[in-house]
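Structure record follows, encoded as structure tokens.
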Amino acid sequence: MASRKTNKTVEELLTRSNKLGSNPKFTNYAGGNTSAKGMGIDPATGKKIELLWVKGSGGDLGTLTESGLAVLQLDRVRALQNIYPGLDREDEMVAAFDYCLHGRGGAAPSIDTAMHALVDANHVDHLHPDSGIAIATAKDGKALTSKIFGDKVVWVPWRRPGFQLGLDIAAIKSKNPKAIGCILGGHGITAWGDTSAQAEKNSTFIIKTAETYINSKGIKKPFGEKVAKFAALKPAARRARAAEIAAYIRGIASTDKPQVGHFDDSDAVLEFMASAKLGKLAALGTSCPDHFLRTKVKPMVLDLPGDADLEKVKARLTVLHEKYRADYAAYYKKYATKNSPAMRGADPAIVLIPGVGMFSFGANKQTARVAGEFYINAINVMRGAEAISSYSPISDAEKFNIEYWSLEEAKLQRMPKPKPLATRVAFVTGAGSGIGKAIAERIVTEGGCVVIADLNLTAAKEVAASLGRDNAVAVSIDVTSESAIKQALAEAVLAFGGVDLIVNNAGLSISKPLLETTQRDWDLQHDVMARGSFLVSREATRILLDQKLGGDIIYISSKNSVFAGPNNIAYSATKADQAHQVRLLAAELGEHGIRVNGINPDGVVRGSGIFAKGWGASRAKVYGVKEEDLGKFYAQRTLLKREVVPENVANAVIALTAGELSHTTGLHIPVDAGVAAAFIR
């Protein structure tokens with residue numbers, strides 16, 4: 001495969017792809033594909049050979065790199081026309097692409113490869129712009145295409161992506177020499193050019209011309225009149241209500257399998273939900289395959305005002321969810337054949353709460369977020385189609401043929417096995433440094449999402465940023481404040497839909513002899529760790545019970561909860577309090593599937609925020625060693641003679657929560673390298 005640095009064709013393709021893919025008006029995330037044809041060298045013969053570079057299956061145009069391109073020998077792909085067995089067997093052609101690869105071929109070829117190979121143009125773009133799909137899904141889309149574009153753009157009736165669609169578009173280009181592209185009914189657009197710049201210009205022309213026509217010729221109220229009772233609540237009120245119902249909605253959306261959530265209350269969503277046509281258009285579902293593969297064919301829509309009584313809203317959501325599942329099962333039964341894959345689940349991926357916002361769900365945060373973004377694309381499409389005509393998506397039968405396509409099933413089966421904490425959302429207090437940071441990092445490594453909750457918001461943001469946009473968020477928390485805890489958890493459920501794993505790690509330490517320990521020392525120590533852990537556990541449990549998905553609560557206690565050392569009355573007493581909270585909550589919450597366990601570290605000096613704030617100096621003085629040698633000192637008094645570091649504590653959290661100890665609750669795990677005096681008995 002030619003290097004981007006030495007092959008101008010590849011460089012031009014990637015530059016064009018990144019530019020088109022980074023513009024949300026041009027295509028959605030991971031949607032569409034681009035290609036280029038050019039000359040390369042056949043290593044087996046040393047002769048020049050014509051190659052096709054095309055975006056591979058599942059890649060994203062906006063971030064496409066050379067490794068994301070499939071590379072095929074053009075003459076071999078075109079020769080497949082000679083063995084094409086017909087429409088009923090066109091899926092067999094995907095496997096045939098393997099015999100056309102150039103060397104190892106790079107990324108896996110997508111179903112649209114035939115379109116790019118067979119169209120007689122050096123550069124081809126297939127995109128999913130909202131404006132283009134609006135025309136593609138308009139009831140009179142064919143007539144509109146002719147009216148808007150004349151003979152420059154040709155209408156192609158809906159056909160499922162595949163080899164036959166590639167043949168169709170190739171024939172259309174041949175018969176329409178003035179055409180620069182086409183509108184694919186129900187789907188998107190395809191444009192072409194002899195040069196990369198010309199292809200980009202033609203794609204841009206189609207998209208912007210469609211957008212201009214819709215904006216200038218469309219009616220003023222494409223969604224109809226506003227419905228007063230579904231009007232958007234004020235920002236603070238709608239986000240407060242969203243936080244109240246997020247976990248409950250996540251619970252019902254996770255009936256078949258656990259899901260991560262995302263919340264969106266953008267203007268486009270709120271406008272759509274407050275419109276007279278909401279019910280009609282939502283029931284019609286999405287049209288572009290990229291959309292409904294992410295959003296499911298239809299959303300679930302609450303038919304009550306957003307500020308209705310909370311318990312009434314939950315009760316109605318339960319009824320609507322049961323109906324949604326029954327309707328989806330009926331849809332599956334109606335169109336499934338004996339060769340169809342098993343039904344993948346009947347829960348909604350999109351839940352619309354008028355006046356409040358949209359909840360979207362997926363197997364991870366990125367999938368949930370992108371599902372929401374795709375539904376906004378669908379809203380834009382519906383708005384455009386209704387502005388100039390009426391929205392007329394492809395039929396449910398065709399949607400089913402895409403959703404349960406054998407090729408789509410094969411793609412799903414190729415996906416890697418989920419990591420142990422996939423779909424799980426952790427809320428870790430004191431995660432801006434030390435043990436909490438190490439725990440957060442390990443949770444993300446194991447596939448989970450994490451809320452970095454810390455009094456030091458700057459530190460929390462730094463940790464969250466290092467873990468990635470879709471893996472972590474930072475929130476400010478003061479665990480001595482009941483209201484601050486509630487606010488932090490509200491932000492958590494708005495970020496990820498709920499929480500599953502709570503780690504009570506926030507703490508401080510005051511090391512003084514009894515007679516020097518003040519009442520303020522005692523109260524502060526207990527307010528942060530004993531009362532703070534209690535309050536976090538109590539408020540988080542409300543969320544866990546709303547979700548009905550079980551959960552884990554972990555207390556980072558201490559060796560000192562069972563070991564009596566000198567000059568440490570306030571710290572050790574509050575650690576003992578935390579340790580017994582573990583037992584008490586394990587006994588109370590077990591019937592709800594909530595497991596409560598503790599970890600008893602000792603001597604975690606390296607990277608510790610507590611030790612850096614004076615505790616290290618204090619303990620070093622007690623033991624008569626230099627502060628910089630404290631970790632080594634602690635190690636030498638252990639049975640294993642090993643220093644304990646934050647990552648060791650994080651390992652214990654994973655052991656308790658990642659499935660291996662699924663039947664364990666009320667346990668305290670020592671992470672102290674072996675301190676006989678602290679053996680639990």
Side-chain angles (χ1 to χ4, degrees), residues 237-265 300 302 304 306-322 324 347-353 355-365 367-369 371-372 421-429 443 448-451 453 473 475 477 482-483 485-503 535-553 585 589 591-596 657:
R238 66 175 179 257
R239 292 185 71 81
R241 172 47 59 97
E244 286 182 317
I245 60 175
Y248 189 82
I249 294 173
R250 183 188 181 214
I252 62 178
S254 300
T255 299
D256 288 316
K257 53 186 177 181
Q259 300 282 288
V260 177
H262 176 74
F263 176 71
D264 189 295
D265 61 346
M300 185 177 113
L302 178 66
L304 293 175
D307 58 357
D309 176 76
L310 180 59
E311 294 308 313
K312 186 177 180 181
V313 167
K314 289 181 178 180
R316 184 59 181 160
L317 284 169
T318 299
V319 171
L320 290 170
H321 179 240
E322 291 172 355
Y324 186 97
D347 295 320
I350 304 292
V351 179
L352 302 179
I353 309 296
V356 177
M358 170 179 65
F359 293 91
S360 53
F361 297 93
N364 52 54
K365 173 64 176 183
T367 304
R369 174 177 57 79
L421 293 182
T423 76
R424 303 202 72 193
V425 179
F427 184 88
V428 184
T429 65
I443 285 169
C449 301
V450 64
V451 179
V473 297
V475 300
I477 191 169
E482 189 172 10
S483 62
I485 290 169
K486 290 179 178 179
Q487 179 59 34
L489 284 165
E491 292 180 43
V493 299
L494 289 180
F496 296 114
V499 294
D500 307 288
L501 196 170
I502 294 85
V503 182
L535 289 173
V536 170
S537 296
R538 187 189 70 185
E539 295 309 312
T541 296
R542 299 187 199 279
I543 298 170
L544 297 178
L545 295 179
D546 237 10
Q547 289 176 158
K548 299 182 175 64
L549 298 174
D552 283 279
I553 301 176
L585 296 187
L589 301 178
E591 65 179 290
H592 303 289
I594 300 170
R595 304 181 314 121
V596 188
T657 60

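Numbering of residues begins at 1 and proceeds along the displayed sequence. Values below: all heavy atoms of this structure, side chains included; hydrogens, waters and symmetry mates excluded.
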Mind checking the [atom1]-[atom2] spacing from [X] to [Y]? Nearest 0.5 Å is all I need.
X: Glu311; Y: Arg316; atom1: CD; atom2: CZ; result: 16.0 Å
X: Leu421; Y: Ile443; atom1: CG; atom2: CD1; result: 6.5 Å
X: Ile252; Y: Gln547; atom1: CD1; atom2: CD; result: 12.0 Å
X: His321; Y: Tyr248; atom1: NE2; atom2: OH; result: 9.5 Å
X: Ile245; Y: Asp546; atom1: CD1; atom2: CG; result: 10.0 Å

Mind checking whether [X] and [Y] have side chains closer than 4.5 Å, heavy atoms only?
X: Val450; Y: Phe427; value: no
X: Met358; Y: Val351; value: no
X: Ile594; Y: Leu585; value: no
X: Ile249; Y: Met300; value: no
X: Leu352; Y: Ile350; value: yes
X: Leu320; Y: Leu302; value: yes
X: Gln487; Y: Ile477; value: no

Strictly distance-based, threshold 3.5 Å: is any side-chain N or O of [X] a donor or acceptor partner for the main-chain N or O of [Y]?
X: Ser254; Y: Gly251; answer: no
X: Asp347; Y: Thr255; answer: yes
X: Thr367; Y: Ala363; answer: no

At their closest point, which heavy atom of [X] faces which heavy atom of [Y], and how far apart are they?
X: Gly306; Y: Val356; result: CA-CG2, 3.7 Å
X: Val425; Y: Gly498; result: CG1-O, 3.3 Å
X: Leu304; Y: Ala308; result: CB-CB, 4.4 Å
X: Thr657; Y: Arg595; result: CA-NH2, 3.8 Å
X: Val493; Y: Ala243; result: CG2-O, 3.7 Å

Checking Val428, Val536, Leu489 against Ile502 for side-chain contact (heavy atoms from CB on, under 4.5 Å), the one that qualifies is Val536
Go through the steps for Leu544 and Leu549 under the test side chain to side chain contact (heavy atoms under 4.5 Å, CB included), then give the verdict. CA-CA 7 Å; Leu544 297 178; Leu549 298 174; over 6 Å; no
Pairs of donor and acceptor atoms involving the side chains of residues 258-265, under 3.5 Å and at least two apart or interchain, shall be tabulated with distances.
unit_1 : atom_1 : unit_2 : atom_2 : d
Gln259 : OE1    : Gly362 : N      : 3.4
His262 : ND1    : Lys365 : NZ     : 2.8
Asp264 : OD1    : Ser266 : N      : 2.8
Asp264 : OD1    : Ser266 : OG     : 2.6
Asp265 : OD2    : Arg238 : NE     : 2.9

If you apply the rule side chain to side chain contact (heavy atoms under 4.5 Å, CB included), what do you find for Arg241 with Leu310, and how did you get there? CA-CA 8 Å; Arg241 172 47 59 97; Leu310 180 59; 4.0 Å; yes
Salt-bridged, Glu482 to Arg538, with N to O below 4.0 Å? yes
Stepwise, does the side chain to side chain contact (heavy atoms under 4.5 Å, CB included) test hold for Thr423 with Asn364? CA-CA 6 Å; Thr423 76; Asn364 52 54; over 6 Å; no
Any salt bridge (Lys or Arg N to Asp or Glu O under 4.0 Å) involving residues 245-261? Give me the pairs, sequence neighbours left out, ordered by first then second residue. Arg250-Asp500, Asp256-Arg325
Thr429 and Val503: CA distance, side-chain angles, deciding distance, side chain to side chain contact (heavy atoms under 4.5 Å, CB included) verdict: CA-CA 6 Å; Thr429 65; Val503 182; over 6 Å; no
